[in-house]
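First up is the structure itself, then whatever we jot down about it.
Keep in mind that what you see is a predicted model, and the values were worked out from it rather than measured.
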Amino acid sequence: MSFLRNKINTSPGFKRFAHRLLVPKDDYRPRWWVRKIYNPLFVFKRGRGSSIRSTARMDILPKYLFYLGNAAIIEEYSVVNNILGDVVIGNNALIGLRCTVIGPVEIGNDVLLAQNIVLSGQNHGYEDVTMSIREQKSITGKITIKDRAWIGANAVVVAGVTIGKHSIVAAGSVVTKDVPDFTIVGGNPAKILKQYNSATKEWERAKKKIIGNTASI
């Protein structure tokens with residue numbers, strides 16, 4: 001698989017041929033035989049006890065990696081797409097109902113994603129006004145969700161953002177900047193609400209919305 005992946009990435013002609021073989025013209029979803037036969041046999045890398053529900057849409061191609069850790073679950077009606085970047089999901093992670101995960105995305109161990117969450121490592125170019133946005137080059141930025149983080153329902157995390165270890169994103173938030181470890185954020189755009197104080201061993205309300213350079217979001 002690594003040979004095929006390298007061949008696709010380094011040869012423009014072969015890349016176009018392979019894409020048409022795997023995806024119908026003017027479509028985004030892989031062909032039936034790719035989804036049902038090729039991917040389960042050759043592309044999906046899954047740990048023990050992992051589960052992908054039957055209604056989940058897996059837009060997975062061999063150009064980039066897809067990995068689902070031990071005992072991890074992708075729930076009903078979710079969409080996972082690795083067409084523009086790797087999607088790596090850690091052990092015991094839960095991808096909740098109707099979530100959308102578009103690579104490049106790395107999700108750590110014991111991460112909880114509630115319902116209707118969007119993690120998109122992709123943006124569309126728009127600068128050339130003589131072309132439609134649909135025709136312009138896609139731009140990617142890796143999203144990283146560190147171990148034990150919890151993201152509430154209907155939240156959006158944009159490309160390039162890192163969510164820290166054991167941090168929480170409140171429901172309905174739009175996260176546009178990095179979130180430090182052990183931090184609770186909320187709002188649109190998301191701002192720091194609480195942080196864990198290791199000295200007092202308590203979650204304390206943020207006294208300022210901006211706490212140094214590393215904690216501002």
#### Entry: Worked check of side chain to side chain donor-acceptor pair (under 3.5 Å) between T140 and Q122
CA-CA 4 Å; T140 60; Q122 174 192 9; over 6 Å; no

With sequence neighbours excluded, tell me which residues meet side chain to side chain contact (heavy atoms under 4.5 Å, CB included) with [X].
X: A170; answer: S173
X: S132; answer: R134, E135
X: N109; answer: N91, D147
X: A171; answer: none

#### Entry: Any residue meeting side chain to side chain donor-acceptor pair (under 3.5 Å) with E76, in chain and number order, not counting sequence neighbours
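Checked E76 against side chain to side chain donor-acceptor pair (under 3.5 Å); matches are T55.
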
#### Entry: side chain to side chain donor-acceptor pair (under 3.5 Å) against T144, all qualifying residues, sequence neighbours excluded
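For T144 there are no side chain to side chain donor-acceptor pair (under 3.5 Å) partners, ignoring immediate neighbours.
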
Taking all non-hydrogen atoms of both residues into account, name the closest pair between [X] and [Y] and its distance.
X: D59; Y: I83; answer: O-CG1, 3.9 Å
X: I107; Y: A93; answer: CG2-CB, 4.3 Å
X: S50; Y: L68; answer: CB-CD2, 3.7 Å
X: N188; Y: V174; answer: OD1-CB, 3.4 Å
X: G96; Y: S78; answer: O-OG, 2.7 Å
X: N92; Y: A71; answer: OD1-CB, 3.3 Å

Side-chain ([X]) to main-chain ([Y]) donor-acceptor, under 3.5 angstrom:
X: Q136; Y: D128; result: yes
X: N154; Y: G172; result: no
X: T183; Y: D181; result: yes
X: S167; Y: P180; result: yes
X: D178; Y: T162; result: yes

### Task
List for me each residue that meets salt bridge (charged side-chain N to carboxylate O under 4.0 Å, His left out) alongside R53, sequence neighbours excluded, and say none if there are none.
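Testing R53 for salt bridge (charged side-chain N to carboxylate O under 4.0 Å, His left out), a comparison that skips the adjacent residues, returns E75.
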
### Message
Among residues at least two apart in sequence or on other chains, which ones pass salt bridge (charged side-chain N to carboxylate O under 4.0 Å, His left out) with K142?
### Response
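Only E106 meet the salt bridge (charged side-chain N to carboxylate O under 4.0 Å, His left out) criterion with K142.
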
### Task
Run the numbers on E202 and N197 for side chain to side chain donor-acceptor pair (under 3.5 Å), then give the verdict.
CA-CA 6 Å; E202 293 183 352; N197 186 325; over 6 Å; no

### Task
Scan for ring pair (Phe, Tyr, Trp, His ring centres under 6.0 Å) pairs involving residues 116-159, sequence neighbours excluded, and state none if there are none.
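As it turns out, there is no ring pair (Phe, Tyr, Trp, His ring centres under 6.0 Å) pair with a partner in residues 116-159 once direct neighbours are skipped.
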
### Task
Mind jotting down which residue pairs meet the ring pair (Phe, Tyr, Trp, His ring centres under 6.0 Å) criterion with at least one end in residues 158-180? Sequence neighbours excluded, please.
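Applying ring pair (Phe, Tyr, Trp, His ring centres under 6.0 Å) to every pair that reaches into residues 158-180, excluding sequence neighbours, yields H166-F182.
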
### Message
Side-chain heavy atoms under 4.5 Å apart, restricted to Ile/Leu/Val/Met/Phe/Trp/Tyr: what other residues fall into the cluster of V88, or is it alone?
### Response
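Y67, all in the cluster of V88.
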
### Message
According to a hydrophobic-cluster definition based on side-chain heavy atoms being under 4.5 Å apart (Ile, Leu, Val, Met, Phe, Trp, Tyr only), do L97 and V79 belong together?
### Response
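No.
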
Could you check if a side-chain atom of [X] sits within less than 4.5 angstrom of a side-chain atom of [Y], using non-hydrogen atoms only?
X: V158; Y: V175; answer: no
X: I151; Y: L119; answer: yes
X: T100; Y: N81; answer: no

### Message
With salt bridge (Lys or Arg N to Asp or Glu O under 4.0 Å) as the rule and sequence neighbours excluded, what pairs involving residues 90-101 come up?
### Response
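Not a single pair qualifies under salt bridge (Lys or Arg N to Asp or Glu O under 4.0 Å).
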
